[in-house]
Amino acid sequence: MTSLTQSLYVKKEINEEAYPTMPSNVIHLNVELEAREHRRKLTPKQEMTIRLRGCYATQSRLIKALSFHKLAYKKRSQEFIEVTERIKIHEEKLSGLDNEQLAK
């Protein structure tokens, strides 16, 4: 992930509350309808169902994010191990060359 992508991702996480979700829009509308004592206001059960659907959507989004980060972590860990092994191989070759030069 590039630094630009990371910064955009962080900004999205920070500004998540700036973009209300559909369930929160419905809940806010319901508050307005209740204040007007309008006949189309939601029942408590409907309101709870909407909140529950919003929680399901959030949970699904977080599960996807976790799986992405697990995969990225696994990939970076593998790269780290490969680079570490390459370093060891090169250090051994370098020390072998130094020993040959000292022997001459």
Side-chain angles (χ1 to χ4, degrees):
M1 195 181 316
T2 65
S3 62
L4 176 61
T5 308
Q6 287 174 338
S7 65
L8 290 174
Y9 182 74
V10 170
K11 286 179 185 175
K12 182 181 176 194
E13 289 293 320
I14 291 170
N15 292 331
E16 186 174 299
E17 293 300 319
Y19 303 101
T21 60
M22 185 64 174
S24 66
N25 288 343
V26 173
I27 299 299
H28 293 305
L29 175 63
N30 188 50
V31 169
E32 291 294 323
L33 291 175
E34 282 181 352
R36 295 183 204 164
E37 297 181 4
H38 197 276
R39 63 179 177 80
R40 294 182 67 185
K41 66 181 180 181
L42 297 175
T43 65
K45 184 177 180 181
Q46 289 171 324
E47 188 174 339
M48 186 62 71
T49 302
I50 290 168
R51 289 181 195 271
L52 186 60
R53 286 183 182 171
C55 290
Y56 285 146
T58 303
Q59 182 185 37
S60 174
R61 181 182 52 78
L62 291 172
I63 288 171
K64 288 177 185 176
L66 283 172
S67 65
F68 169 78
H69 288 291
K70 282 180 185 177
L71 184 63
Y73 174 79
K74 197 179 279 189
K75 182 179 177 184
R76 299 296 181 254
S77 296
Q78 185 62 35
E79 287 178 19
F80 174 77
I81 291 169
E82 291 170 1
V83 169
T84 304
E85 289 172 357
R86 267 189 263 140
I87 289 171
K88 286 180 183 179
I89 290 170
H90 289 303
E91 284 177 346
E92 289 172 2
K93 286 181 182 178
L94 185 61
S95 66
L97 290 174
D98 287 341
N99 290 338
E100 288 177 17
Q101 288 177 355
L102 289 175
K104 289 183 180 181

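- Contact annotation: the side chain of Ile63 approaches that of Gln59 to within less than 4.5 Å [non-hydrogen atoms, C-beta and beyond].
- Between Cys55 atom SG and Ile50 atom CD1 the span is 12.0 Å, to the nearest 0.5 Å.
- Other residues sharing the hydrophobic cluster of Val83, ordered by chain and number and joined by side-chain separations under 4.5 Å: Ile87.
- Contacts classified as salt bridge (Lys or Arg N to Asp or Glu O under 4.0 Å) and involving residues 79-93 (residues at least two apart or in different chains) are given here: Arg76-Glu79.
- Here CZ of Phe68 is found 15.5 Å from OH of Tyr73. Values are rounded to the nearest 0.5 Å.
- Residue Leu52 is found in a hydrophobic cluster whose other members, listed by chain and number, are Tyr56; membership requires side-chain heavy atoms under 4.5 Å apart, directly or through intermediates.
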